[in-house]
Enquirer: 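I have a structure here, written as structure tokens, and I will follow up with some questions on it.
Residue numbering restarts at 1 for every chain, and letters A, B, ... go by the order of the sequence lines.
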Amino acid sequence: MRGDGRSRRVAVVPDAYLNPAAGADDHLVRLAAAGWGVVALPQPGLAPEVERAALTALADQLTAFLGDGYEVALAEPDDPIAGRLTAVLAAAGRSLPARVSPLAGPGS
Amino acid sequence: MVVCYLAHCLLNANAKVDEGARCAGVSTPVLALLRERGATIRQMPCPELAFGGTRRFWAVREQYDTPAYRAHCRRLAEPVAAQVRADLAAGNRVVVIGIDGSPSMGVELTAADDSWGGRPNKPRDEDYPVTPGAGFFTETLLGLLGDDVAAVRAVGIGQDLFDYDEERELAKLGAILSGGEGSGAR
């Protein structure tokens, strides 16, 4: 591998980071400025089978990052959809570090 | 409202094939444009990351053209297609933003060459065989949409092109977000 400018840091974020409410803090812009890449959780309100398929796809992608030593952080561990992702990962024998705050900066 | 379905790597360059990341993580010029236009953002999965991992070699369509990879793309595209249909049913405009030059996420341009395979022997950027056509994931997603595809605009940002011109690509995207066709859109 020759490398490039990637950060090797991935934040798993809720839909509210991609689409903040009017007047809310823009966490996605802050994460971008700090060099994080983001993996977005599905938006709330999807049919259960659609959300499940989306979470399974996310788990596959995150497993690839985890397997190669990338830093992967849950931005909002208490988010209910993040919780369901954690369950999908656990079923595959994977876990994400708890209570990591990507907004606090690299390596936090 | 316009809802933009972004290729995964536009928000996470860590998913790119090695040497392909043009930024640390989020493509901030694309994000800034979408924020400026008030677009709703949705992120599509990266089919190559989940299939080949972070250490995959550069590849062209012929190397990914297997029943397993096509099934993988379909599995990933099905929930995206369901969300696109829901957004269309809610009266939103939908724009799919792919990566031109990608064998998976290309819209107008992909990469294809019968001679690729076996020992990697195409080290130069200039050897990357950009070809008209869509990538596997894009064509799978648009196919799943059936008749609804007529209501969807798709555009490729040329981040996998040797001569990537960010200003040109942003102008193309901006025109489509404004409701125009722009060049390189379907």
Side-chain angles (χ1 to χ4, degrees), chain A residues 1-20 22 26-43 45-73 102 106, chain B residues 1 3-6 8-32 34-35 38-57 72-87 90 123:
Chain A
M1 303 260 294
R2 295 173 62 181
D4 51 28
R6 75 188 59 200
S7 64
R8 297 180 65 88
R9 289 184 287 132
V10 179
V12 181
V13 304
D15 178 71
Y17 279 38
L18 266 57
N19 302 296
D26 196 332
H27 293 313
L28 180 56
V29 167
R30 290 173 61 194
L31 286 169
W36 289 84
V38 303
V39 171
L41 293 164
Q43 67 270 31
L46 294 179
E49 67 276 15
V50 174
E51 181 189 281
R52 177 79 184 184
L55 290 177
T56 301
L58 285 190
D60 287 348
Q61 294 168 88
L62 294 173
T63 296
F65 287 126
L66 290 166
D68 202 23
Y70 284 56
E71 183 179 0
V72 180
Chain B
M1 183 167 72
V3 181
C4 293
Y5 283 77
L6 271 62
H8 182 97
C9 57
L10 290 171
L11 295 178
N12 184 20
N14 294 292
K16 299 291 290 190
V17 72
D18 186 39
E19 294 185 65
R22 293 186 177 274
C23 62
V26 176
S27 179
T28 51
V30 172
L31 175 60
L34 296 176
R35 286 283 193 257
T40 295
I41 298 173
R42 307 212 193 284
Q43 183 183 39
M44 296 189 288
C46 173
E48 294 179 24
L49 171 66
F51 196 82
T54 60
R55 294 174 176 270
R56 65 193 185 275
F57 280 117
H72 171 71
C73 285
R74 184 177 180 92
R75 182 172 69 86
L76 297 185
E78 282 172 340
V80 178
Q83 294 172 70
V84 168
R85 281 192 213 96
D87 282 322

Enquirer: Is any NZ, NE, NH1 or NH2 atom of the basic residue among B/R22 and A/D4 found under 4.0 Å from an Asp or Glu carboxylate oxygen of the other?
Expert: no
Enquirer: What part of A/E49 gets closer than 4.5 Å to chain B, counting heavy atoms only: side chain, backbone, both or neither?
Expert: neither
Enquirer: Whether B/R55 and A/D68 form a salt bridge (side-chain N of Lys/Arg under 4.0 Å from carboxylate O of Asp/Glu) is what I want to check.
Expert: yes
Enquirer: Could you check whether any side-chain N or O of B/Q43 sits under 3.5 Å from a backbone N or O of A/A40, counting only pairs where one atom can act as donor and the other as acceptor?
Expert: yes
Enquirer: Do you know which of A/A57, A/G35, A/A59 has the most heavy-atom pairs under 4.5 Å to chain B?
Expert: A/G35
Enquirer: Looking at chain B, which one of A/G37, A/A47, A/A64 has the largest number of heavy-atom pairs inside 4.5 Å, strictly under?
Expert: A/G37
Enquirer: For chain A, which of B/H72, B/E19, B/H8, B/E78 has the most heavy-atom pairs under 4.5 Å?
Expert: B/E19
Enquirer: Tell me, for B/R42 versus chain A, whether the close heavy atoms (under 4.5 Å) come from the side chain, the backbone, both or neither.
Expert: both
Enquirer: Please tell me whether A/D26 and A/Y17 have a donor and an acceptor in their side chains that are separated by less than 3.5 angstrom.
Expert: no
Enquirer: Between B/A39 and chain A, which part of the residue has a heavy atom less than 4.5 Å away: side chain, backbone, both or neither?
Expert: backbone
Enquirer: Name the region of B/A13, side chain, backbone, both or neither, that has any atom closer than 4.5 Å to a heavy atom of chain A.
Expert: backbone
Enquirer: Where on B/T28 is there a heavy atom nearer than 4.5 Å to chain A: the side chain, the backbone, both, or neither?
Expert: side chain
Enquirer: Between A/V10 and A/V38, is any pair of side-chain heavy atoms under 4.5 Å apart?
Expert: no
Enquirer: Checking heavy atoms, do the side chain of B/C46, its backbone, both or neither come under 4.5 Å from chain A?
Expert: both
Enquirer: Between B/V17 and chain A, with a heavy-atom cut-off of 4.5 Å, which part of the residue counts as in contact: side chain, backbone, both or neither?
Expert: backbone
Enquirer: Checking A/L18 against chain B: side chain, backbone, both or neither under 4.5 Å from a heavy atom?
Expert: both
Enquirer: Side chain, backbone, both or neither: which part of B/L31 has a non-hydrogen atom closer than 4.5 Å to chain A?
Expert: side chain
Enquirer: Compare all side-chain heavy atoms of B/N12 with those of A/F65 and state whether any distance is below 4.5 angstrom.
Expert: yes
Enquirer: Give a yes or no on whether a salt bridge exists between B/R56 and B/E48, defined as a side-chain N under 4.0 angstrom from a carboxylate O.
Expert: yes
Enquirer: Please assess B/Q83 against A/Q43 for the test side-chain hydrogen bond (donor to acceptor under 3.5 Å, both in side chains), listing each intermediate value before the final yes or no.
Expert: CA-CA 10 Å; B/Q83 294 172 70; A/Q43 67 270 31; 3.1 Å; yes
